[in-house]
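These values consider heavy atoms only, across backbone and side chains, with no hydrogens, waters or symmetry-generated copies. All figures in this text were calculated on a predicted structure; none of them were measured in a lab.
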Amino acid sequence: MAGRVDLDGNPIKQITICMIGAGGFIGSHLCEKLLSETPHKVLAVDVYSDKIKHLLEPATVTWADRIQFHRINIKNDSRLEGLIKMADLTINLAAICTPADYNTRPLDTIYSNFIDALPVVKYCSENGKRLIHFSTCEVYGKTIGAFLPKDSPLRQDPAYYVLKEDISPCIFGPIEKQRWSYACAKQLIERLVYAEGAENGLEFTIVRPFNWIGPRMDFIPGIDGPSEGVPRVLACFSNNLLRREPLKLVDGGESQRTFIYIKDAIEAVLLMIENPARANGHIFNVGNPNNEVTVRQLAEMMTKVYSKVSGESSIETPTIDVSSKEFYGEGYDDSDKRIPDMTIINRQLGWNPKTSLWDLLESTLTYQHRTYAEAVKQAMSKTTAN
């Protein structure tokens with residue numbers, strides 16, 4: 001760690017980071033990176049610590065004096081401002097970000113992603129502290145191309161679907177489609193952060209993740225999450241594969257998505273942390289446009305990868321089609337494509353993702369098979385016995 005320098009050749013100084021949502025999927029990987037590869041200190045804030053337990057115990061680990069866990073719910077805890085004051089940088093990862101909740105729990109979704117984030121922005125601005133705020137690629141909503149006729153050749157023109165931080169409009173569905181409650185709340189907090197920068201000098205960076213994938217993501221229903229919960233698409237498919245059930249393709253699985261390996265994405269975040277002069281005032285897409293597939297193609301690839309890592313043959317009917325109304329309930333809507341433009345992050349931070357879709361799926365499914373397969377079998381045998 002000695003002699004580390006930033007992208008402009010300046011020595012990197014040790015800083016203290018207040019990480020809100022440190023116990024989640026992204027937070028756990030970012031904590032690992034910071035503790036193992038940098039001298040920085042982490043004030044880890046969350047209501048859960050299961051995914052970072054290995055970083056907090058035992059006290060003999062080399063970084064024991066560089067991480068503190070604070071079990072705080074940011075909704076109503078006066079200690080939050082004190083922790084932000086103690087830190088040089090605050091990273092806010094806290095959110096409800098499960099699509100199944102957007103139209104079934106719209107109030108919780110709006111409060112969690114906008115109202116609960118307000119004090120964090122306020123404390124950073126009032127105390128002159130830098131903020132890295134995690135938003136979402138969902139703020140883009142639908143592409144311009146989605147409104148063109150199905151047979152229009154312009155649908156193949158990247159100008160109509162590639163999403164650019166400084167140019168692309170944010171297009172949402174009608175109010176009755178409550179699926180957009182998440183995207184709208186996230187966009188409004190982005191606008192607030194941006195306005196604090198413009199009017200009050202807040203130093204900020206906004207991150208728009210495009211489907212970050214890897215070990216410890218989301219949950220497997222009934223194993224390390226609620227039995228009735230519906231996680232995001234990749235974890236849904238993993239759950240089906242572990243239980244040897246058909247993968248459910250919502251509305252034919254025609255939506256297109258890109259997926260990026262968590263370790264590639266964390267490299268980008270570390271560059272933002274350690275290069276404030278290049279990152280401040282910017283919004284960054286963090287995704288991998290090379291890993292673009294339809295949801296149907298993703299299901300087919302995951303089925304093949306899982307057969308490889310588990311040694312089990314595929315089931316006779318690997319996929320079934322379901323309607324979005326049947327799967328998510330009333331009020332669901334979706335974006336057709338989400339392909340990130342990488343120009344700004346490449347120019348400012350020199351970052352590009354490396355890991356192929358096959359490799360990131362193999363890493364993720366190997367972890368999930370090893371971690372969950374036995375627990376799923378036990379849960380299924382109990383269900384059968386009852």
Side-chain angles (χ1 to χ4, degrees), residues 1-95 119-121 123-124 126-134 203-205 207 212 214-217 262-280 349 367 371:
M1 284 190 238
R4 297 174 72 250
V5 295
D6 66 17
L7 293 173
D8 296 308
N10 304 309
I12 294 171
K13 296 173 184 171
Q14 182 190 54
I15 60 170
T16 298
I17 299 167
C18 175
M19 192 186 304
I20 300 165
F25 164 52
I26 295 172
S28 70
H29 286 275
L30 185 52
C31 283
E32 275 182 353
K33 184 83 170 173
L34 289 167
L35 294 170
S36 63
E37 296 184 24
T38 82
H40 307 313
K41 294 183 177 180
V42 179
L43 305 174
V45 176
D46 211 319
V47 286
Y48 303 110
S49 60
D50 296 1
K51 292 181 180 181
I52 55 170
K53 199 182 291 180
H54 62 296
L55 302 175
L56 302 171
E57 303 164 359
T60 52
V61 291
T62 54
W63 53 69
D65 62 339
R66 290 197 293 117
I67 183 167
Q68 295 175 11
F69 180 70
H70 298 267
R71 196 175 301 279
I72 287 177
N73 185 331
I74 64 167
K75 284 182 184 181
N76 48 23
D77 202 305
S78 58
R79 291 174 293 172
L80 182 63
E81 185 175 11
L83 291 171
I84 289 174
K85 282 182 176 178
M86 287 168 60
D88 303 289
L89 162 69
T90 294
I91 300 175
N92 190 9
L93 293 155
V120 178
V121 181
Y123 296 150
C124 287
E126 289 177 350
N127 293 289
K129 301 296 183 178
R130 186 178 169 220
L131 171 66
I132 295 180
H133 179 79
F134 271 69
E203 291 189 358
F204 72 87
T205 302
V207 184
W212 296 12
R216 300 196 292 273
M217 67 171 291
I262 184 66
K263 293 190 185 303
D264 289 352
I266 293 299
E267 290 281 355
V269 179
L270 185 59
L271 286 167
M272 295 174 207
I273 292 169
E274 296 189 329
N275 293 274
R278 288 172 175 251
N280 281 345
L349 303 175
Y367 168 84
T371 308

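Between the OG atom of S49 and the CZ atom of R71 there is a distance of 4.5 Å, given to the nearest 0.5 Å. To the nearest 0.5 Å, atoms SG (C31) and CG (L56) are separated by 8.0 Å. The distance from atom CG of D46 to atom CG of D50, rounded to the nearest 0.5 Å, is 9.5 Å. L89 contributes atom CG, which lies 11.5 Å from atom CE of M272 (distance to the nearest 0.5 angstrom). Once rounded to the nearest 0.5 Å, the distance linking CG of L93 with CG of L30 reads 7.0 Å.
Heavy atoms from other residues, nucleotides or ligands lying under 6.0 Å from NZ of K129 number more than 12.
In this structure, the side-chain contact (heavy atoms from CB on, under 4.5 Å) partners of Q68, at least two apart in sequence or on a different chain, are L43, H70. With sequence neighbours excluded, the residues satisfying side-chain contact (heavy atoms from CB on, under 4.5 Å) with K75 are N73, D116. Here W212 pairs with F134 under the ring-ring contact (aromatic ring centres under 6.0 Å, His included) rule; sequence neighbours left out. Looking at residues two or more places apart in sequence or on another chain, you find a ring-ring contact (aromatic ring centres under 6.0 Å, His included) between F204 and Y194. The side-chain contact (heavy atoms from CB on, under 4.5 Å) check on P119 picks up Y123, with sequence neighbours excluded. Residues passing the side-chain hydrogen bond (donor to acceptor under 3.5 Å, both in side chains) test with E32, sequence neighbours excluded: H54, R216. In this structure E57 satisfies the salt bridge (Lys or Arg N to Asp or Glu O under 4.0 Å) test with no other residue, sequence neighbours excluded. Applying the side-chain contact (heavy atoms from CB on, under 4.5 Å) criterion to A95, with sequence neighbours excluded, gives N113, K186.
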Hey, can you pull the donor-acceptor pairs under 3.5 Å for the side chains in residues 7-22, sequence neighbours left out?
unit_1, atom_1, unit_2, atom_2, d
D8, OD1, R278, NE, 3.3
D8, OD1, R278, NH2, 2.7
D8, OD2, R278, NE, 3.2
N10, ND2, D6, OD2, 3.4
Q14, NE2, P39, O, 2.7

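Nearest approach of A44 to I52, heavy atoms of both residues: CB-CD1, 4.2 Å. Closest heavy-atom contact between N280 and R130: OD1-NE, 2.9 Å. Contact between S28 and L55 at its shortest, heavy atoms only, is O-CD1, 4.1 Å. For the pair P215 and I262, the tightest heavy-atom approach, listed with the atom from each and the gap, is CD-CG2, 4.5 Å. Here the closest non-hydrogen pair linking L349 and A268 is CD1-O, 4.2 Å.
Between N92 and I132 there is no side-chain heavy-atom pair separated by less than 4.5 Å. In this structure, I26 and I266 have side chains that are in contact, with non-hydrogen atoms separated by less than 4.5 Å. Residues L83 and V45 form a side-chain contact, since some pair of their non-hydrogen atoms from C-beta on lies under 4.5 Å apart. In this structure, the side chains of L34 and L270 come closer than 4.5 Å at one or more pairs of heavy atoms. In this structure, the side chains of R66 and L35 come closer than 4.5 Å at one or more pairs of heavy atoms.
The main-chain N or O of A279 is found under 3.5 Å from a side-chain atom of T205 such that the two form a donor-acceptor pair.
For residues 3-37, every residue pair satisfying the ring-ring contact (aromatic ring centres under 6.0 Å, His included) rule, not counting sequence neighbours, is listed here: F25-H29. Each side chain to side chain donor-acceptor pair (under 3.5 Å) pair with one or both residues in residues 263-274, not counting sequence neighbours, appears once here: R4-E274, K33-E267, H40-E274, D264-T355. Residue pairs meeting the salt bridge (charged side-chain N to carboxylate O under 4.0 Å, His left out) criterion with at least one partner in residues 79-88, sequence neighbours excluded, are D77-R79.
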